[in-house]
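One structure below.
We use all heavy atoms of the structure for the numbers below, so side chains are in, but hydrogens, waters and symmetry mates are not. All residue numbers refer to positions in the sequence shown, counting from 1.
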Amino acid sequence: MSKRILFIGPQGSGKSTQAKLLAKYLKIPVISTGDIFREMAPLHEWIRKILSKGKLVDDQSTSKVVEKRLREKDCRDGFILDGYPRNLEQIRLFDPKFDLVVYLNLPEKQVIQRLMKRGREDDSRESIERRLDRYFQQTAALLDYYRNLGILHEIDGAGEIEKIQNEIQKYL
């Protein structure tokens, strides 16, 4: 059975960690739009410019790139997506028809604490708060959309990594 899984959660919620663990367990790839665009940036000036300004690639381009990537051979038995869709417009452009959507919920205060500890150059308190505001504005409609489809499972992202992974695997 094909598994098409989406991880949603704010930066710092543990999405990437949990997605990688689940992908290893299921033996399917994790696909991150951020990783795809970072790989493309050296070859495409327009992507490099967008990323260097800390902006997001437009919905149409993102949807096309994701659709193309999901047609590759390694995705035939399933995939885990991290970073797509970001909004309802992207679903309208290309819907991967997920079987399961995992929402790692983490209070904003904890997200800020985690991201500040990373010590990245672009992780000032102000930039984190701006990114989180944008994230929560876009994501509310997505969460409602998947909740209405009956495939959204909300998990507390504040626990231990292994406990969270066990909780996720219960929904498979």
Side-chain angles (χ1 to χ4, degrees), residues 2-20 22-23 28-38 40 46-47 50-51 53-71 75 78-115 122-123 125-159 164-165 167-172:
S2 176
K3 282 287 176 197
R4 296 173 307 248
I5 301 167
L6 169 64
F7 273 76
I8 297 179
Q11 292 177 325
S13 65
K15 285 188 317 283
S16 297
T17 299
Q18 293 300 333
K20 287 174 187 168
L22 188 61
I28 58 176
V30 175
I31 297 157
S32 159
T33 53
D35 290 346
I36 291 171
F37 288 127
R38 281 187 288 278
M40 292 174 71
W46 67 276
I47 291 176
I50 290 169
L51 297 181
K53 293 177 183 170
K55 301 210 184 256
L56 299 170
V57 175
D58 67 277
D59 292 340
Q60 191 124 20
S61 299
T62 301
S63 298
K64 285 180 183 176
V65 165
V66 170
E67 184 175 9
K68 181 180 178 203
R69 175 63 182 91
L70 295 184
R71 285 194 192 126
C75 293
F79 53 83
I80 297 172
L81 260 175
D82 174 5
Y84 182 94
R86 290 191 301 264
N87 56 49
L88 293 175
E89 175 63 12
Q90 288 183 344
I91 293 172
R92 192 186 67 71
L93 292 166
F94 172 66
D95 185 351
K97 305 286 185 203
F98 296 107
D99 302 308
L100 171 68
V101 176
V102 176
Y103 173 46
L104 290 177
N105 194 359
L106 193 65
E108 191 170 335
K109 185 177 178 181
Q110 283 185 283
V111 170
I112 292 169
Q113 287 173 343
R114 284 185 183 183
L115 294 177
D122 63 337
D123 279 346
R125 184 174 201 87
E126 297 78 29
S127 70
I128 290 170
E129 288 173 353
R130 240 187 344 268
R131 290 193 315 255
L132 284 174
D133 285 345
R134 183 172 57 197
Y135 168 80
F136 286 116
Q137 286 172 4
Q138 291 183 336
T139 307
L142 270 182
L143 295 175
D144 289 342
Y145 175 78
Y146 290 122
R147 192 175 288 118
N148 289 337
L149 289 176
I151 60 172
L152 179 75
H153 297 283
E154 187 170 335
I155 295 175
D156 182 0
I164 294 169
Q165 184 62 204
E167 190 69 26
I168 293 168
Q169 289 181 18
K170 287 180 188 175
Y171 295 112
L172 298 176

Under the side-chain contact (heavy atoms from CB on, under 4.5 Å) test, residues paired with [X] that sit two or more places apart:
| X | value |
| --- | --- |
| R130 | E126, S127 |
| L149 | Y145, Y146, I151 |
| S16 | D82 |
| Q110 | L106, P107, Q113, A158 |

Tell me whether E67 is salt-bridged to K64, with the criterion being a basic N under 4.0 Å from an acidic carboxylate O.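 The answer is no: the pair does not qualify as a salt bridge.
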Closest contact, heavy atoms only, [X] versus [Y]:
| X | Y | answer |
| --- | --- | --- |
| L81 | P96 | CD1-CG, 4.0 Å |
| K15 | I8 | CD-C, 3.6 Å |
| A19 | V30 | O-CG2, 3.4 Å |
| R69 | P29 | NH2-CB, 4.2 Å |
| I28 | K3 | CD1-O, 4.0 Å |
| V111 | P10 | CG2-CG, 3.7 Å |

Identify, with sequence neighbours excluded, every residue that meets salt bridge (Lys or Arg N to Asp or Glu O under 4.0 Å) alongside [X].
| X | value |
| --- | --- |
| D58 | none |
| R38 | D35 |
| K109 | none |

Partner residues of [X] under the side-chain hydrogen bond (donor to acceptor under 3.5 Å, both in side chains) criterion, sequence neighbours left out:
| X | result |
| --- | --- |
| T17 | none |
| E108 | none |
| Q165 | Q18, Q169 |
| N87 | D59 |

Point-to-point distance, once rounded to the nearest 0.5 Å, from [atom1] of [X] to [atom2] of [Y]:
| X | Y | atom1 | atom2 | answer |
| --- | --- | --- | --- | --- |
| L88 | R92 | CG | CZ | 10.5 Å |
| I168 | I5 | CD1 | CD1 | 9.0 Å |
| Q138 | L143 | CD | CG | 11.5 Å |
| L70 | I31 | CG | CD1 | 5.0 Å |

Under the criterion side-chain hydrogen bond (donor to acceptor under 3.5 Å, both in side chains), I'd like the reasoning laid out for Y103 against S13: C-alpha separation, chi angles, the key distance, then a yes or no. CA-CA 9 Å; Y103 173 46; S13 65; over 6 Å; no
Do [X] and [Y] have side chains that get closer than 4.5 Å, going by heavy atoms?
| X | Y | value |
| --- | --- | --- |
| I50 | F37 | no |
| L22 | F7 | yes |
| P85 | L6 | yes |
| L56 | T62 | no |

Kindly say whether [Y] contributes a backbone atom to a donor-acceptor pair with the side chain of [X] at under 3.5 angstrom?
| X | Y | value |
| --- | --- | --- |
| Y84 | Q90 | yes |
| D95 | I91 | no |
| Y135 | R86 | no |

Sequence-distant partners of Y171, ring-ring contact (aromatic ring centres under 6.0 Å, His included), two or more places apart: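 For Y171 the ring-ring contact (aromatic ring centres under 6.0 Å, His included) partners, ignoring immediate neighbours, are H153.
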Should R147 and D144 be marked as a side-chain contact (heavy atoms from CB on, under 4.5 Å) after you check the CA-CA gap, both sets of side-chain angles, and the distance that decides it? CA-CA 5 Å; R147 192 175 288 118; D144 289 342; 3.0 Å; yes
